[in-house]
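Note sheet for the following structure.
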Amino acid sequence: MGKILPCPLSFHSNKPQFFDQSQSNPHNSDSSSNSSLASQSSLPSVPSLTPPLEHPAATNNSASAYHHCLATLKGHSSSIFSLALGGKNLYSGASDGEIRVWDRNPSSSYGYTVAEGCSSVKSIVVSGDKLFTAHHDHKIRVWKIDSSTDYQKYKLVTVLPTISDRCMRLFSAKNYVKVRRNKKCTWVHHVDAVSALALARDGSLLYSVSWDRTLKVWRTSDFKCLESVQNAHDDAINAVVLSADGLVYTGSADKTIKVWKKPDGEKKHSLVSTLEKHKSAVNALALSSDGSVLYSGACDRSIIVWEKAGSAAHMAVAGALRGHTKAILCLSVVSDLLISGSADRTVRVWRKSSGSGNSYSCLAVLEGHRNPVKCLTAALDINNGKTSNDSGNSYMVYSGGLDFEIKVWQIQVPRS
């Protein structure tokens with residue numbers, strides 16, 4: 001069972017933060033992940049949407065958010081690579097393959113192991129009574145959540161691609177694709193780490209991306225692989241997000257973000273746009289609640305803000321959010337807030353300023369992790385009684401680090 005430790009209030013120094021050109025991090029064993037931790041030069045050609053070296057505690061900013069760390073969840077014995085919320089639970093996946101479930105309410109939270117001995121858990125998504133986990137061993141595992149008793153049980157239902165899916169493709173040459181110089185396999189297989197998952201809003205489709213440079217689409221009713229976009233990028237794919245209007249965004253180590261859509265009446269997704277502005281590997285993507293703004297985080301320490309312009313599929317650069325001193329590793333959106341986690345060991349909370357223009361404010365800097373912050377998830381604070389009042393809203397932010405710990409933060413944000 002995991003341990004819950006109370007977390008002291010987070011205080012900030014008035015000393016300004018300056019860029020750190022450190023190029024490596026010793027706390028991650030995966031070479032591809034190490035490259036995402038490398039902090040490369042920022043983007044001088046992209047205008048900043050935030051005041052220079054903005055730090056909430058360094059200014060008398062009435063828009064700053066009150067925040068504190070409610071708890072530190074201990075139980076994992078390796079780096080936390082993935083987090084997801086589902087119902088009353090928080091799910092965490094680690095580099096040693098352990099999957100744990102916690103009560104999302106830190107006052108009564110405890111953790112227990114769902115599975116262990118698999119492979120490094122890169123991504124977790126929850127849909128109804130199913131838990132999907134993506135792994136370094138090229139597989140996606142599907143778990144059934146049994147909530148019939150007070151103590152939830154988890155059963156491994158299948159591994160994607162399923163045996164039936166694999167067998168159906170074995171005997172036709174057209175189902176084989178070249179995966180390396182002298183090796184072929186059927187197109188339903190991922191042949192490198194599955195780095196990220198995303199669910200369609202209605203839960204009917206699961207999208208997966210991999211370091212093998214493919215984008216795959218799975219039907220969640222029978223777990224059949226419906227489509228594979230081969231060579232979707234020129235290098236490993238690290239992130240995928242979906243919009244309500246059917247657009248699929250993928251971010252890659254090839255420094256690009258690609259936009260995909262399945263035209264009406266077609267069975268395959270087509271490339272509709274390539275977004276090029278980052279000068280280093282794209283590690284994380286997040287979409288605003290209405291899908292009109294895309295956020296991308298990379299090793300260049302900047303979060304680029306893309307806004308829809310003209311056609312629904314076209315995104316134009318609005319500017320960059322600066323403040324982190326090392327690579328951006330994860331992003332999450334809740335309501336009108338953007339949450340970012342970095343190799344600089346901090347979590348930042350951003351919000352677009354009210355009124356005209358594209359300026360953003362950094363409402364809070366959450367400090368406490370001893371190593372890089374690798375994953376994030378966030379939600380409205382359902383345990384606060386009223387999540388909204390005249391003064392603003394309360395949110396819960398969960399951050400997982402390479403220090404083996406999960407921190408639970410409460411953020412109280414004033415109204416715009």
Side-chain angles (χ1 to χ4, degrees), residues 122-123 125 127 132 134 138-140 142 160-162 165-166 168-169 172 174-179 185-276 278 282 284-288 290-296 306 308-316:
K122 298 291 186 181
S123 182
V125 294
S127 178
F132 298 88
H138 319 168
K139 295 179 175 61
I140 301 167
V142 186
L160 307 186
T162 62
D165 219 358
R166 286 180 281 169
M168 286 177 59
R169 319 290 177 185
S172 175
K174 69 179 183 180
N175 288 325
Y176 285 79
V177 292
K178 187 176 180 179
V179 295
C185 77
T186 57
W187 58 267
V188 297
H189 285 85
H190 279 300
V191 294
D192 207 334
V194 184
S195 51
L197 301 172
L199 276 166
R201 181 162 293 189
D202 62 1
S204 63
L205 298 175
L206 175 72
Y207 291 75
S208 63
V209 294
S210 168
W211 291 350
D212 66 10
R213 302 181 294 170
T214 68
L215 163 68
K216 296 188 190 297
V217 186
W218 313 78
R219 190 164 56 205
T220 57
S221 59
D222 59 1
F223 310 119
K224 182 180 180 181
C225 187
L226 302 178
E227 180 186 355
S228 179
V229 181
Q230 299 297 128
N231 298 313
H233 282 267
D234 295 330
D235 206 337
I237 307 177
N238 296 323
V240 58
V241 290
L242 311 178
S243 68
D245 56 1
L247 294 176
V248 181
Y249 299 86
T250 54
S252 169
D254 68 7
K255 309 174 187 177
T256 70
I257 301 159
K258 291 191 176 181
V259 189
W260 310 84
K261 188 175 178 64
K262 186 166 66 173
D264 292 339
E266 299 291 331
K267 294 183 177 180
K268 304 284 187 180
H269 284 78
S270 300
L271 179 66
V272 294
S273 182
T274 300
L275 311 180
E276 298 179 279
H278 282 291
V282 178
L285 298 173
L287 276 170
S288 64
D290 62 1
S292 65
V293 182
L294 174 71
Y295 303 97
S296 58
W306 309 80
K308 283 191 175 180
S311 68
H314 181 66
M315 288 278 190

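Quick caveat, the model's predicted, so the values are computed rather than measured.
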Could you pull out the closest heavy-atom pair between [X] and [Y], with the gap in Å?
| X | Y | result |
| --- | --- | --- |
| N238 | A196 | O-CB, 3.8 Å |
| A232 | I237 | CB-CD1, 4.0 Å |
| L242 | V240 | CD2-CG2, 4.4 Å |
| M315 | G291 | CE-O, 3.9 Å |

Revision key, fill the gap. Residue pairs passing the side-chain hydrogen bond (donor to acceptor under 3.5 Å, both in side chains) test with at least one member in residues 189-201, sequence neighbours excluded, are T186-H189, H190-S208, H190-D212, H190-T214
Practice item. Verify whether one side chain among S228 and Q230 offers a donor that lies under 3.5 Å from an acceptor in the other. Key: yes
Check your understanding: Can a salt bridge be assigned to the pair D234 and K258 using a cut-off of 4.0 Å between side-chain N and carboxylate O?
Key -> no
Point to revise | Those residues that, when tested against F223, pass ring pair (Phe, Tyr, Trp, His ring centres under 6.0 Å) (two or more places apart) | key: none
**Study point:** salt bridge (charged side-chain N to carboxylate O under 4.0 Å, His left out) involving D264 - partner list, sequence neighbours excluded
**Key:** none
Practice item. Go through the steps for D245 and K308 under the test salt bridge (charged side-chain N to carboxylate O under 4.0 Å, His left out), then give the verdict. Key: CA-CA 13 Å; D245 56 1; K308 283 191 175 180; 2.9 Å; yes
Review point. Taking the six-membered ring of W187 as reference, does the NZ or CZ atom of K224 fall below 6.0 Å from its centre and within a 45° cone about the axis?
Key: no
**Study point:** Sub-4.5 Å side-chain heavy-atom contact between W306 and L275
**Key:** yes
